[in-house]
Amino acid sequence: MGPIEGTKAELQRVTDRMLVLLDRTPDDRLFWKPSPTARSIAEVVAHASHAIGNIEQQLRGIPFAIPSTTEANAFFAMHDAQFTTRAAVRDYLSDNTARYVQYLDSLTPEDLERSCILPFGIGEAPVGYFMTMVGWHTMAHNAQIEYIQTMYGDSDWHLGF
């Protein structure tokens with residue numbers, strides 16, 4: 001399996017996992033926050049979905065416009081709070097994932113060697129490396145969702161067996 005196919009497979013695996021976690025979150029816990037400044041499960045899914053689009057733009061050569069993590073956190077909190085239903089965040093994740101896969105399908109081996117600018121002034125990386133960060137980022141937020149679930153008392157692993 002080549003790097004593009006591997007990236008697509010990993011993205012599918014982690015977004016499928018996120019959808020299972022989302023679907024198995026009870027309605028009364030979907031927007032519950034463990035603290036006032038924390039994200040709810042729905043907001044975590046919205047954030048991960050938004051990041052897929054942000055990373056795609058950076059891979060296309062459009063630098064991330066927000067200069068600092070502090071400003072980004074404030075923007076993301078405002079952005080993620082606009083999602084008020086399970087269906088909205090579910091569709092947002094599915095749509096951004098599909099667009100990202102379409103972008104990956106357009107890449108050539110030469111594209112993988114091209115550099116792209118990373119966010120927050122941390123430097124540059126080859127497209128072939130940075131394209132994999134969508135999977136890593138989503139996987140990290142899956143763990144966050146699982147932890148939020150344990151905080152409200154859900155001890156089921158939701159693994160399907």
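This chain uses plain numbering: 1 for the first residue, then up along the sequence. All values below were derived from every heavy atom in this structure, side-chain atoms included, with hydrogens, water molecules and symmetry-related copies excluded.
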Worksheet item: Hey, mind stepping through Asp111 and Thr108 against side chain to side chain donor-acceptor pair (under 3.5 Å) and telling me if it holds?
Response: CA-CA 5 Å; Asp111 291 328; Thr108 66; 3.2 Å; yes
Item to complete: Indicate yes or no: does Asp154 engage Arg24 in a salt bridge with an N to O separation below 4.0 Å.
Response: no
Fill in: Flag side-chain contact, heavy atom, 4.5 Å: Thr85 against Val89
no
Item to complete: Decide yes or no for Arg17 and Glu146: does some side-chain heavy atom of the first lie under 4.5 Å from some side-chain heavy atom of the second?
Response: yes
Worksheet item: After noting the C-alpha distance and the side-chain angles of Val45 and Ile145, does the key distance pass the side-chain contact (heavy atoms from CB on, under 4.5 Å) rule?
Response: CA-CA 9 Å; Val45 176; Ile145 292 170; 3.8 Å; yes
Practice prompt. Tell me whether Met1 is reachable from Leu104 by hopping between hydrophobic residues (I, L, V, M, F, W, Y) whose side-chain heavy atoms are closer than 4.5 Å.
Written response: no
Worksheet item: Shortest non-hydrogen contact from Asn96 to Ser49?
Response: ND2-O, 2.7 Å
Worksheet entry | Any donor-acceptor pair under 3.5 Å from Gln82 side chain to Met78 backbone | no
Item to complete: State, to 0.1 Å, how close Leu112 and Pro3 come at their nearest heavy-atom pair, and which atoms those are.
Response: CD1-CG, 3.7 Å
Worksheet item: Do the side chain of Asn142 and the main chain of Val14 share a donor and acceptor less than 3.5 angstrom apart?
Response: yes
Worksheet item: About how many Å separate CG of Leu93 and CE of Met18, when rounded to the nearest 0.5 Å?
Response: 6.5 Å
Fill in: Considering all heavy atoms, the nearest Ser40-Ile148 contact
C-CD1, 4.4 Å
Worksheet item: When hydrophobic residues are tied together by side-chain contacts of less than 4.5 Å, even through go-betweens, does Phe31 share a cluster with Tyr152?
Response: yes
Worksheet item: Could you state the interatomic distance from CG (Leu107) to CZ (Arg60), rounded to the nearest 0.5 Å?
Response: 8.5 Å
Worksheet, complete the sentence: Scanning both residues in full, the closest heavy-atom pair of Thr150 with Tyr147 reads OG1-O, 2.7 Å
Discussion item. Is there a path of hydrophobic side-chain contacts, each under 4.5 Å between heavy atoms of I/L/V/M/F/W/Y residues, joining Ile66 to Ile62?
Written reply: no
Worksheet item: So if you build clusters from Ile, Leu, Val, Met, Phe, Trp, Tyr with side-chain heavy-atom gaps below 4.5 Å, do Ile41 and Met139 land together?
Response: yes
Worksheet, complete the sentence: To the nearest 0.5 Å, atom CG of Leu59 lies from atom OG of Ser115 at 11.5 Å
Practice prompt. Heavy atoms only: give me the nearest Arg39-Glu43 pair and the separation to one decimal.
Written response: CA-OE1, 3.4 Å
Give the table of side-chain donor-acceptor pairs shorter than 3.5 Å for residues 118-135, with sequence neighbours excluded, one pair per line with atom names and distance.
from	atom 1	to	atom 2	distance (Å)
Thr132	OG1	Tyr129	O	2.6

Worksheet item: Under a 4.5 Å cut-off applied to non-hydrogen side-chain atoms, are Arg90 and Phe83 in contact?
Response: no
Worksheet, complete the sentence: Smallest heavy-atom separation, Arg86 atom then Pro26 atom, equals NH2-C, 3.8 Å
Practice prompt. In sequence, state the C-alpha distance, the side-chain angles, and the governing distance for Arg114 and Glu110, and then conclude on salt bridge (Lys or Arg N to Asp or Glu O under 4.0 Å).
Written response: CA-CA 7 Å; Arg114 184 175 38 81; Glu110 294 78 29; over 6 Å; no
Worksheet item: How long is the gap from OG1 on Thr97 to CG on Leu11, to the nearest 0.5 Å?
Response: 5.0 Å
Item to complete: Measure the spacing between CH2 of Trp136 and CD of Glu10 and express it to the nearest 0.5 Å.
Response: 7.5 Å
Fill in: His141 and His137 aromatic ring geometry - parallel, tilted or perpendicular at 30°/60° bounds
perpendicular
Worksheet item: Hey, what's the ring geometry for His47 with Phe76, parallel, tilted or perpendicular (30° and 60° as the breaks)?
Response: perpendicular
Worksheet item: Roughly how far, to the nearest 0.5 Å, is OG1 of Thr138 from CD1 of Ile55?
Response: 7.5 Å
